[in-house]
Amino acid sequence: MKKLAFLFLAFCLTVYSLPASAAFSSNAFDACMEEFVKHLNVLENTDSGGMSGDEARAGLARAERKLQDLVNGLSNPREISKARKAANAWIKGGGEEATSMAKAGKIAAGLIKQQEKKISASNSFNAYATADNAAVNNADAFWPMLHQQEIEKAVAQCREIIAPFSSETGFPDILPEELRGKDWETIRRKVAESCFKCSRIMLELVEKCKFPVKLRLGAMYFRKRFVMGTSIYPNKTESDKVHEFQCRSFADECTLGLNEMRYWKTAEPGWTGDIVWVKNANEGLARVKELLPTFPAEIEAGQARAFWRQAADQAIKAGNEAGMTASRVGDVINFPSWRLKYAVKYFKAATKAAVSNNWHSRESDPEYWKQAVIKLKKAIEPLSAEIDELLGSLPK
């Protein structure tokens with residue numbers, strides 16, 4: 001009996017000395033959050049900490065993975081409650097000055113809320129409810145997969161149509177077989193027809209898939225680029241040299257665009273890294289909104305040409321600001337955020353496309369310019385709301 005009692009006591013001691021793998025550890029959580037905030041401060045230029053930007057981005061990614069692992073280990077309401085209190089403490093600790101602390105706390109709170117929903121679903125006593133939750137989860141996984149398939153299909157179609165006109169193939173010195181021996185105007189018109197086909201593919205992609213805003217604006221960015229490729233100088237007396245110049249310019253632009261599509265079509269990871277670029281996107285797109293031209297309710301035909309030129313110049317300034325903002329979003333090595341980058345670049349392409357058809361026009365008819373102002377207004381005015389929609393979708 002003494003031997004049995006001894007064995008039972010040893011067994012109990014062994015069991016109770018085992019680590020609780022799923023238990024929430026406040027110390028581990030705080031250590032992870034400190035690492036998160038440290039690297040976020042570097043990226044937001046509040047504290048270099050002797051680190052480069054690349055080191056800070058890599059460190060932030062590691063901290064985010066640790067945080068996700070800690071949250072994934074929460075297995076019951078008690079642990080969820082403890083974790084939420086810890087996250088809220090970081091949010092409150094941030095106050096108005098230490099924004100990185102508050103931001104990290106909000107990210108943690110969001111992950112904890114997601115984990116709580118998973119636990120709630122897994123503990124459901126209603127078999128039908130459990131089945132419904134599984135169906136919802138499957139649907140959540142299904143739509144991004146379907147979107148990705150449609151994106152890859154559309155990009156492949158566009159590449160097949162437009163790649164023969166890129167500098168990668170030697171165009172225009174090396175022409176597709178059916179264009180050899182043709183004049184430059186015929187070649188340019190073939191390029192424009194191909195761009196139109198690609199613009200339709202991207203528009204149909206957006207209409208079919210009902211993308212979230214970041215994906216939708218990215219797809220529309222490429223559509224706008226293709227739309228600009230359809231523009232032929234409107235004066236019928238243009239020389240062949242002008243058409244040749246357009247073909248040669250298009251070849252380099254086509255190569256750049258195809259490279260961008262190659263990156264854009266790449267499926268995003270679960271954690272995109274967008275939060276690293278939110279500050280740059282917010283500040284830059286706010287400037288874009290300020291620069292966008294405003295339009296009167298009505299304009300007299302006699303004033304339309306001068307007003308169009310003024311508004312077009314202002315639109316191009318706003319577009320250039322969007323281009324500079326896009327250059328400060330995304331990183332090739334650690335946080336590419338390609339889809340956010342090209343969503344931001346949409347606003348540059350949209351402003352350029354809005355003015356491209358009339359920019360070189362030599363028309364003197366006042367009514368022509370009045371209609372041009374109406375078209376420009378229709379193209380430019382929605383951009384402010386689209387900027388707000390994009391920024392509203394980004395991590396806080």
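Residue numbers start at 1 and run along the sequence shown.
For F347 and Y221, the distance between ring centers is not under 6.0 angstrom. Centroid-to-centroid, the aromatic rings of W264 and W338 stay 6.0 Å apart or farther.
Looking only at atom types and distance, the side chain of N358 has no donor-acceptor partner in the side chain of S361 under 3.5 Å away. A donor-acceptor contact closer than 3.5 angstrom links the side chains of E152 and Q148.
Closest heavy-atom contact between K317 and L291: O-CD1, 3.9 Å. Summarising the geometry of V373 relative to A304, their closest heavy-atom pair is CG2-O, 3.6 Å, with the distance given to 0.1 Å. Here the closest heavy-atom approach between residue L215 and residue R339 is recorded as CD2-CD, 3.6 Å. Taking both residues in full, the closest heavy atoms of C198 and I162 are given as SG-CB, 4.1 Å, listed atom of the first, atom of the second, then distance. Residues K377 and P382 approach most closely at O-CD, 4.3 Å, considering heavy atoms.
Ring planes of F295 and F307: perpendicular class, angle over 60° (limits at 30 and 60°).
Counting non-hydrogen atoms of other residues, nucleotides and ligands closer than 6.0 Å to CD of E178 gives a total above 12.
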Intermediate values then yes/no, salt bridge (Lys or Arg N to Asp or Glu O under 4.0 Å), E150 and K265: CA-CA 10 Å; E150 293 295 333; K265 77 170 184 177; over 6 Å; no
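A87 is linked by a side-chain contact (heavy atoms from CB on, under 4.5 Å) to F29, A108, A109, I112, counting only residues two or more places apart in sequence or in another chain.
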